[in-house]
Visitor: 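Mind having a look at this structure? Questions to follow.
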Amino acid sequence: MLLHRLYRAVIMGPPGSGKGTISGRISKSLGLQHISSGDILRANIDAQTELGLLMKASIDEGQLVPDQIISRLILGELTLLQHSSWLLDGFPRTLSQAESLEESYSVDTVINLQVPFHIIRQRLTSRWTHLPSGRVYNVDFNPPKVPGRDDVTGEPLIQRDDDTPETVMRRLKAYQTQTEPVLEYYRSKGVLETFRGTETNKIWPHVEAFLHKKFAVVNKGVA
Ligand code: G5P
Ligand code: MG
């Protein structure tokens, strides 16, 4: 859908709630540029950049990386997308990060995925990721056409080092203590929209319908 003005969205939710999966669908259906902080960090680790080497231990332990570093990194990416509508996945994750973002951009919509934790845990241990694109697969939910290979490029898939059961628990704790306050921040700004469920395929039509409606209003307002 063609928009008459730029649209700025954020997707939030605990580890494994389907942010990456739903972001891929939003990109395809609505044309927003998907920027995942986790994908960018993992690409840095894979390329063994200085930043990647510095951040690897925290990420593997399921801890958040420092606010100043991730804020600088993501805001830097956004300056390259001045003329695009975008969707941020995994950022902001603390109040300090949300405030840094707000200094430069005002967010139109925050999509909040609420999926119970016992559902999430199973998903993460059977996840396979294509590192260069961030495409995710799951042995049960959306298996790749050829086992261990990305559908689009045929390149190998990997399992994330932070998807072990203990690290998943730590990531969830970090989410509860550091990220949940960000939901309140956006709720008070009136931009938070929560979608509850246990299956992405059931949540997705609601997210898609909501965004199409939002976009129609944006276009009407400008026309
Ligand atoms: P990330 O990379 O942002 P998380 O922990 O927030 O990582 P994650 O694990 O990437 O989130 P997701 O994107 O919400 O989860 O979920 P997903 O990948 O789409 O789906 C999970 C799995 O379930 C997949 O295998 C998918 O196929 C499957 N699935 C989806 N829907 C269904 C369904 O309906 N049914 C079934 N059966 N399966 C399904 O952050 C990683 C680390 O980077 C650092 C931190 O260390 C963080 O821990 N980091 C930051 N640190 C500080 N500040 C920031 N802003 C940071 N951003 C990243
Ligand atoms: Mg993800």
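For ligands, and for the atoms within them, numbers begin at 1 and follow the listed sequence.
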Visitor: Go through ligand 1 atom by atom and flag the ones less than 4.0 Å from a non-hydrogen atom of P14.
Guide: 14 (O)
Visitor: With heavy atoms only and a cut-off of under 4.0 Å, state how N142 meets ligand 1: side chain, backbone, both or neither.
Guide: side chain
Visitor: Can you list the atoms of ligand 1 that are under 4.0 Å from a heavy atom of R42?
Guide: 2 (O), 41 (C)
Visitor: Should R93 and I70 count as side-chain neighbours, where that means a heavy-atom distance under 4.5 Å?
Guide: no
Visitor: Suppose I only count heavy atoms of P15 and a 4.0 Å limit; which atoms of ligand 1 are within that range?
Guide: 4 (P), 5 (O), 11 (O), 15 (O)
Visitor: Among R93, R127, E61, which one puts a heavy atom closest to atom 18 (O) of ligand 1?
Guide: R127
Visitor: For atom 7 (O) of ligand 1, tell me which residue out of K202, R160, Q159, Q122 has the closest non-hydrogen atom.
Guide: R160
Visitor: Would you mind telling me if ligand 1 is within reach of the side chain of W128, the backbone, both or neither, using heavy atoms under 4.0 Å?
Guide: neither
Visitor: Determine, considering heavy atoms only, which of R123, Q178, R170 sits nearest to atom 22 (C) of ligand 1.
Guide: R123
Visitor: In ligand 1, which numbered atoms sit nearer than 4.0 Å to a non-hydrogen atom of G20?
Guide: 12 (P), 13 (O), 19 (O)
Visitor: Counting heavy atoms only, which of I45, I22, L172, T200 comes nearest to atom 31 (N) of ligand 1?
Guide: T200
Visitor: Using a 4.0 Å heavy-atom cut-off, which part of I70 comes near ligand 1: side chain, backbone, both, or neither?
Guide: side chain
Visitor: How does L41 reach ligand 1, if at all, at less than 4.0 Å between non-hydrogen atoms: by side chain, backbone, both, or neither?
Guide: side chain
Visitor: Which pair of non-hydrogen atoms, one from T79 and one from G76, has the smallest distance, and what is that distance?
Guide: OG1-O, 2.6 Å
Visitor: Kindly identify the option in N138, T167, I203, I120 whose heavy atom sits closest to atom 28 (C) of ligand 1.
Guide: N138
Visitor: On a heavy-atom basis, I'd like to know which of R135, M55, Q63, M12 is closest to atom 45 (C) of ligand 1.
Guide: Q63
Visitor: Do I111 and L211 come within less than 4.5 Å of each other through their side chains, counting heavy atoms only?
Guide: yes
Visitor: Below 4.0 Å, non-hydrogen atoms only: which portion of R171 touches ligand 1? Side chain, backbone, both or neither.
Guide: side chain
Visitor: Using a 4.0 Å cutoff against the non-hydrogen atoms of Q97, which atoms of ligand 1 qualify?
Guide: 52 (C), 53 (N), 54 (C), 55 (N)
Visitor: Which ligand 1 atoms are under 4.0 Å away from a heavy-atom of E199?
Guide: 34 (O)
